[in-house]
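One is the number of the first residue; the rest follow in order along the sequence. The model shown is predicted, which means the values in this text are computed figures rather than measured ones.
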Amino acid sequence: MAAYLLDTDVIVSARKGSAAPAGVLAFFERVAPEARYVPVQVMAQLRAGIQRSWRREAALEALALEGWLEAVLAEYAPRLLEFDLDCALVCARLHGCGHAHGVDGQIAAMGIAYGLTVVSGRLDSFVTQGLRLENPFS
């Protein structure tokens, strides 16, 4: 069974429910929950976004996002993936070849190391040899 590593934009779009882009809705209908994984880096990005809402003094928005993030964490808790030594070694190889850097480089390395397809609307950030990609926004 194919398995997928979800990028931040996919998780955020799914939050829109029936108002999400058709491709994102189709992806979540087609792919069973147990085949969807999330890198811990995505959780950090989501948390950082909520922190920005608090700093803007958008308390109602931030509170809603806090509840949503708790639900996301509960849903994906058994399928949160960490950046381990195998991922670090793949990441070093990617950097050495001039490919993805930073968080995107780590997520790309995780996709390769764990054998997962990275799902994102920003595929240009992840293009590297040996990585399977899917764009649910196209």
Same cluster (ILVMFWY, side-chain, under 4.5 Å), Ile107 and Leu89: no
Heavy atoms only: give me the nearest Leu6-Val10 pair and the separation to one decimal. CD2-CG1, 4.4 Å
Where is the tightest heavy-atom contact between Pro136 and Ser120, given as atom of each residue plus distance? CD-O, 3.8 Å
Can you establish whether the number of heavy atoms outside Glu82 located under 6.0 Å from its atom CD is more than 12? no
Applying side-chain contact (heavy atoms from CB on, under 4.5 Å), run through Glu75 and Val38 and close with a yes or a no. CA-CA 10 Å; Glu75 178 181 354; Val38 176; over 6 Å; no
Go through the steps for Leu123 and Val118 under the test side-chain contact (heavy atoms from CB on, under 4.5 Å), then give the verdict. CA-CA 9 Å; Leu123 296 186; Val118 171; 5.7 Å; no
Under the side-chain contact (heavy atoms from CB on, under 4.5 Å) criterion, do Glu66 and Arg47 qualify, and how do the steps go? CA-CA 8 Å; Glu66 291 281 356; Arg47 165 57 57 206; 2.9 Å; yes
Distance (rounded to the nearest 0.5 Å) between Trp68 CH2 and Ile50 CD1: 6.5 Å
Rounded distance [0.5 Å steps], CG in Asp9 versus CZ in Arg122: 6.0 Å
What distance separates Tyr4 OH from Arg79 CZ, expressed to the nearest 0.5 Å? 14.0 Å
Spacing of OG1 belonging to Thr117 relative to CG belonging to Leu5, to within rounding of 0.5 Å: 9.5 Å
Got Val12 and Leu46 here, is their nearest side-chain heavy-atom distance under 4.5 Å? yes
For residues Val90 and Asp86, determine if any side-chain heavy atom of one lies less than 4.5 Å from a side-chain heavy atom of the other. no
Within the side chain of Arg132, is there an N or O that forms a donor-acceptor pair under 3.5 Å with the backbone of Gly115? yes
Between Thr8 and Gln45, does any side-chain donor sit less than 3.5 Å from a side-chain acceptor? yes
Inter-residue atom distance Phe27.CZ - Phe137.CZ, 0.5 Å rounding: 10.5 Å
Report the distance from atom CG of Leu116 to atom OH of Tyr37, rounding to the nearest 0.5 Å. 7.0 Å
Minimum heavy-atom separation for Ile112 to Gly130, with atom names? CG1-O, 3.6 Å
For residues Ala35 and Ala2, report the shortest heavy-atom separation together with the two atoms involved. CB-O, 3.5 Å
Find out if a path of hydrophobic residues (ILVMFWY) with successive side-chain heavy-atom gaps under 4.5 Å connects Leu25 to Phe28. no
Working note: Met43 + Val72, criterion side-chain contact (heavy atoms from CB on, under 4.5 Å); need CA distance, chi angles, decisive distance, verdict. CA-CA 9 Å; Met43 292 303 173; Val72 170; 3.4 Å; yes
Do Phe126 and Asp104 make a side-chain contact, defined as non-hydrogen atoms from C-beta onward lying under 4.5 Å apart? yes
Least distance between heavy atoms, Gly105 atom then Leu94 atom: O-CD1, 4.1 Å
Do the non-hydrogen side-chain atoms of Tyr114 and Asp84 ever get within less than 4.5 Å of each other? yes
Search all heavy atoms of Ser53 against all heavy atoms of Leu65 and return the closest pair with its distance. OG-CD1, 3.6 Å
